[in-house]
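Here the structure comes first, spelled out in structure tokens, and everything after it is commentary.
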Amino acid sequence: SGAGVPGGCAAPMASSRDGSAAPEESAAERTLDAAPRSAVEPFALADVRLLPSAFVDARQRDGDYLLSLQPDRMLHNFRVNAGLPAKAPVYGGWESVAMWADIRAQGHTLGHYLSACAMMYGSTGDERFKQRCDYIVGELNACQQATGTGLVCAFPDNDAQFLNMRDGRRVIGVPSYTTHKVMAGLRDAHLYTANATALTVLIGLARYAATLTQNMSEEQFQRMLNTEHGGMNEVLADLYLLTRDPAHLALAQRFCHKAVLDPAAAGKDTLNGLHSNTQIPKFIGFARLYQVTGEERYGAAARFFWQTVV
């Protein structure tokens, strides 16, 4: 995944870019570029042009599909939770069908969609994708302003599962995993489309998470991390690079799950039998934190994961 780093995917057939006028690398992308560098770095999306090939055909199909979707249907639950009238009926599947909705995945589709549109704009310069991003970010901002808490979510019970986390009660589903996808989408909208409001909403979500967990002991916080939480450590590390607010870095480090970090940093393989989709984002976050802080435990854990799993 290249979502956390500008231009995370470079095409094998590339020279410059095609299509409409290219947006130059944004100031936000340059900010993330200022993180300590690795020996190998990805190209920025704006620096790559796909030549006629199966790759450009696939990108066209992806773009057509993205434009066929209706943002207001993905925003339905967010607006309802904020006390605002919905503008379109909700999608099915992950967003409303009981088998999927019961795991509190509502809203994660919107997060992925926001990232996809932002990266498609970064890759093609097609203003239609920027317009989609700007619209969604504006709607999320309106929801955040309406709630006044910083939280924007699409869960049927609103913030109930976050309060259960805070208070040590049973948590239904994976609300932090879903929230990570929304936060990553906001980050990408800021990075690739230079949308300043996306950063504002992202900061508000981080502030909500910090306030929610501020009185939790380390033991309580680590117990909370036993529930799948996506790449919260990675997106918060990226937020720190964008804001230089030490509170964001502290929260990123707090979201590191020691049950996997500590043994991996020590070269011990405790991964057998664990759910891969739960673990991989944690290690991407460890790698990112190593880039940001230089702390060897993060680097050792990421290297061990790569050598052991990949």
Side-chain angles (χ1 to χ4, degrees), residues 1 3-4 69-82 86 88-116 136 139-140 143-144 147 149-188 201-202 205-206 208-209 212-213 216 220-236 254-257 259-260 271-285:
S1 169
L69 297 176
Q70 301 176 43
D72 281 329
R73 296 190 67 181
M74 288 180 273
L75 286 159
H76 176 105
N77 289 331
F78 288 94
R79 289 185 61 86
V80 168
N81 279 354
V90 68
Y91 275 121
W94 292 95
E95 299 304 311
S96 61
V97 175
M99 179 175 69
W100 301 114
D102 286 350
I103 65 171
R104 300 305 186 272
Q106 298 96 330
H108 91 293
T109 304
L110 180 77
H112 285 308
Y113 183 77
L114 189 53
S115 289
I136 291 169
E139 288 290 295
L140 292 178
C143 292
Q144 193 173 66
T147 65
T149 65
L151 178 65
V152 288
C153 74
F155 306 133
D157 48 3
N158 210 324
D159 63 349
Q161 300 311 315
F162 288 117
L163 299 180
N164 285 343
M165 283 182 181
R166 180 194 66 189
D167 298 335
R169 297 188 293 265
R170 176 175 173 264
V171 175
I172 298 173
V174 289
S176 293
Y177 164 89
T178 299
T179 301
H180 163 251
K181 305 303 173 284
V182 177
M183 294 176 74
L186 290 163
R187 174 201 61 201
D188 294 337
V201 179
L202 178 54
L205 274 167
Y208 174 83
L212 179 78
T213 59
M216 294 175 69
Q220 290 170 324
F221 201 103
Q222 288 297 315
R223 190 179 306 123
M224 178 185 75
L225 296 183
N226 289 331
T227 299
E228 186 174 7
H229 50 277
M232 286 293 289
N233 53 359
E234 180 203 17
V235 74
L236 287 164
R254 205 173 188 206
F255 263 100
C256 288
H257 194 195
V260 294
L271 298 171
N272 192 42
L274 298 183
H275 182 228
S276 60
N277 198 55
T278 300
Q279 310 311 320
I280 292 171
K282 299 175 188 177
F283 284 89
I284 294 173

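Position 1 is the first residue of the sequence, and the numbers go up from there.
- Under the 3.5 Å distance criterion, the side-chain polar atoms of Asp188 are left unmatched by any main-chain donor or acceptor of Leu114.
- Put simply, the side chain of Arg104 never gets that close to the backbone of Val174: no donor and acceptor are under 3.5 Å apart.
- Side-chain contact between Thr149 and Asp159 is absent, with no heavy-atom pair separated by less than 4.5 Å.
- Panel note: side chain Arg73, backbone Val90; a donor-acceptor pair is recorded below 3.5 Å.
- Asn81 contributes a side-chain N or O that, together with a main-chain N or O of Phe155, makes up a donor-acceptor pair within less than 3.5 Å.
- Counting heavy atoms from C-beta on, the side chains of Met224 and Phe255 come closer than 4.5 Å.
- Taking the six-membered ring where the residue is Trp, Phe162 and Tyr208 present perpendicular rings, their angle passing 60° and hence far from 30°.
- Here Asn164 pairs with Gln161, Arg169 under the side-chain hydrogen bond (donor to acceptor under 3.5 Å, both in side chains) rule; sequence neighbours left out.
- Between the side chain of Tyr177 and the backbone N or O of Ala105, no donor-acceptor pair lies under 3.5 Å.
- Of the possible polar contacts, none joining the Glu228 side chain to the Gln279 backbone as a donor-acceptor pair under 3.5 Å is found.
- Contact annotation: the side chain of Phe78 never approaches that of Glu139 to less than 4.5 Å [non-hydrogen atoms, C-beta and beyond].
- Judged purely by atom type and a 3.5 angstrom limit, Glu95 uses its side chain to pair as donor or acceptor with the backbone of Gly107.
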